[in-house]
A.B. asks: 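Let me give you the structure first, and then I'll get to my questions.
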Protein chains: 2
Amino acid sequence: MSRPDLERLGAVYPRYLNAIVLHGLATAQAVGLGPTDLYAVGTLSFYGRMTSGDLAAKTGLTTGATTRLIDRLEQRGLVRRVTDPADRRRVLVEAVETDALELDAALAPARDKLGEVFAACSPAEIAALTDHFERATPAFHEAIEMIRESD
Amino acid sequence: MSRPDLERLGAVYPRYLNAIVLHGLATAQAVGLGPTDLYAVGTLSFYGRMTSGDLAAKTGLTTGATTRLIDRLEQRGLVRRVTDPADRRRVLVEAVETDALELDAALAPARDKLGEVFAACSPAEIAALTDHFERATPAFHEAIEMIRESD
DNA sequence: AGCATTATCTGCATTCATGCAGATATTAGA
DNA sequence: TCTAATATCTGCATGAATGCAGATAATGCT
């Protein structure tokens, strides 16, 4: 791989990540949630129910702060507590599928704009991009854990 | 483009964005800044000096809150205020290139893990990905503006 | 020169997320 | 059964980000 290629990636990629995070913050603000709260809901809906403790680990909060986070989300009807029948100390939290948030509306501009970007791609390019996204996602999750371990 | 392709993209992409934002939040926490503060620094260093008001617009904060944000960043030596000689009401803010933050250290895990992902790509794939990132970045910025306009 | 406009800053107040330490409930093990 | 360990919750406290309204400073127009 040639040097110029990597340099261009190095220049473009940080700005790209910056834009995505900024967009995430703006979305949270638009739906009236803190960033952590909104992305906790996302995590729950993408990866399914998990215990309060697991959610604490994912978000990097203490268990106490996580209790309060779940309280807030439950109060807004975004999340549901289910006691684990196998171990009644544990509380499973699951996303309620609803659009109590107007999350769909908040994401509409991104969907439109990104839709145009993807629409300009060939099927092969879409496949390549999807492959990349699929590999990059766990890489970010691993990086998150590593950041938190070295605190 | 076939349906299955788009469905896979639709499943993978939201998780990908979720991971990036979560990683952004974890990074901010690791360096001891609020998410807005950290991504304001990023915006300044990527796009160069801008007025306080422009930064307010970019972050979606009021001008008062932005003054405080600049105060915080200046106090930590991440940013510098420069009075605009052409219009002395205006304050230009520019990023100070320093690693007063151990931002490099905080980003190291992501660099490593993502580096592996990119290393597995052919030069052609790298070029295609870079093209995509380059097109997606302004799309996100436009989406941010649209979200804020419809508040 | 005088006035309206613009850009940033300040004082004040408030909301909110979060940590911490101890409480409670449940399970597991000796 | 008694005790230790585990999972979540609560009370309390605090720091921090933010908004808002008015203050200050600079510019531009008439």
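The sequence lines fix the lettering, A, B, ..., with proteins before strands; numbering per chain opens at 1. Everything quoted here is computed from the prediction, not taken from an experiment.
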A.B. asks: Mind checking if B/Thr63 touches a base, just sugar-phosphate, or nothing, with heavy atoms under 4.0 Å?
C.D. replies: base
A.B. asks: Please answer whether the main-chain N or O of B/Glu142 pairs with a side-chain N or O of B/Glu145 as donor and acceptor at a distance below 3.5 Å.
C.D. replies: no
A.B. asks: Spell out protein contact along nucleotides 23-30 of chain D as letters: B when the base is contacted, S when just the sugar-phosphate is, - when no protein heavy atom is under 4.0 Å; keep the 5' to 3' order.
C.D. replies: --BBS---
A.B. asks: Examine C/dT18: is either OP1 or OP2 under 4.0 Å from a nitrogen or oxygen in the side chain of A/Thr36? Give yes or no.
C.D. replies: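 Checking A/Thr36 against C/dT18: at least one side-chain N or O falls below 4.0 Å of OP1 or OP2.
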A.B. asks: Angle between ring planes, B/Tyr16 versus A/Phe140, binned at 30° and 60°: parallel, tilted or perpendicular?
C.D. replies: perpendicular
A.B. asks: Is any side-chain N or O of B/Arg90 closer than 4.0 Å to OP1 or OP2 of C/dT6?
C.D. replies: no
A.B. asks: Under 4.0 Å: is that the gap between some side-chain N or O of A/Arg81 and OP1 or OP2 of D/dC9?
C.D. replies: yes
A.B. asks: May I ask you to verify if any side-chain N or O of A/Arg72 is less than 4.0 angstrom from the OP1 or OP2 atom of C/dC16?
C.D. replies: no
A.B. asks: Pick base, sugar-phosphate or nothing for A/Leu69, based on heavy-atom distances below 4.0 Å to the nucleic acid.
C.D. replies: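 If one applies the 4.0 Å heavy-atom cut-off, A/Leu69 turns out to touch nothing in the nucleic acid.
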A.B. asks: Check the angle between the aromatic planes of A/Tyr13 and B/Phe118 and answer parallel, tilted or perpendicular using the 30° and 60° thresholds.
C.D. replies: perpendicular
A.B. asks: Check every strand shown and say whether A/Gly53 touches a base, only sugar-phosphate, or nothing at a heavy-atom separation below 4.0 Å.
C.D. replies: sugar-phosphate
A.B. asks: Output the distance between atom CG (B/Leu17) and atom CG (A/Leu107), rounded to the nearest 0.5 Å.
C.D. replies: 9.0 Å
A.B. asks: For D/dG19, does either OP1 or OP2 sit under 4.0 Å from a side-chain N or O belonging to B/Thr62?
C.D. replies: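 So the side chain of B/Thr62 is within the cut-off, an N or O lying under 4.0 Å from OP1 or OP2 of D/dG19.
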A.B. asks: Less than 4.0 angstrom from a charged side-chain N to a carboxylate O is my criterion; do B/Arg80 and B/Glu74 meet it?
C.D. replies: no
A.B. asks: Between P on C/dC16 and CZ on A/Arg76, what's the gap in Å once rounded to a whole number?
C.D. replies: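 In whole Å, C/dC16 P lies 10 Å from A/Arg76 CZ.
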A.B. asks: For B/Arg68 and D/dC20, is the shortest distance between a side-chain N/O and OP1 or OP2 below 4.0 Å?
C.D. replies: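 No.
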A.B. asks: Is the shortest side-chain N to carboxylate O distance from A/Arg49 to A/Asp84 below 4.0 Å?
C.D. replies: no
A.B. asks: Heavy atoms under 4.0 Å, any strand shown: does B/Thr67 hit a base, just sugar-phosphate, or nothing?
C.D. replies: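 Since a base atom lies under 4.0 Å of B/Thr67, the category is base.
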A.B. asks: With a 4.0 Å cut-off, would you call A/Asp37 and A/Arg68 a salt bridge?
C.D. replies: no
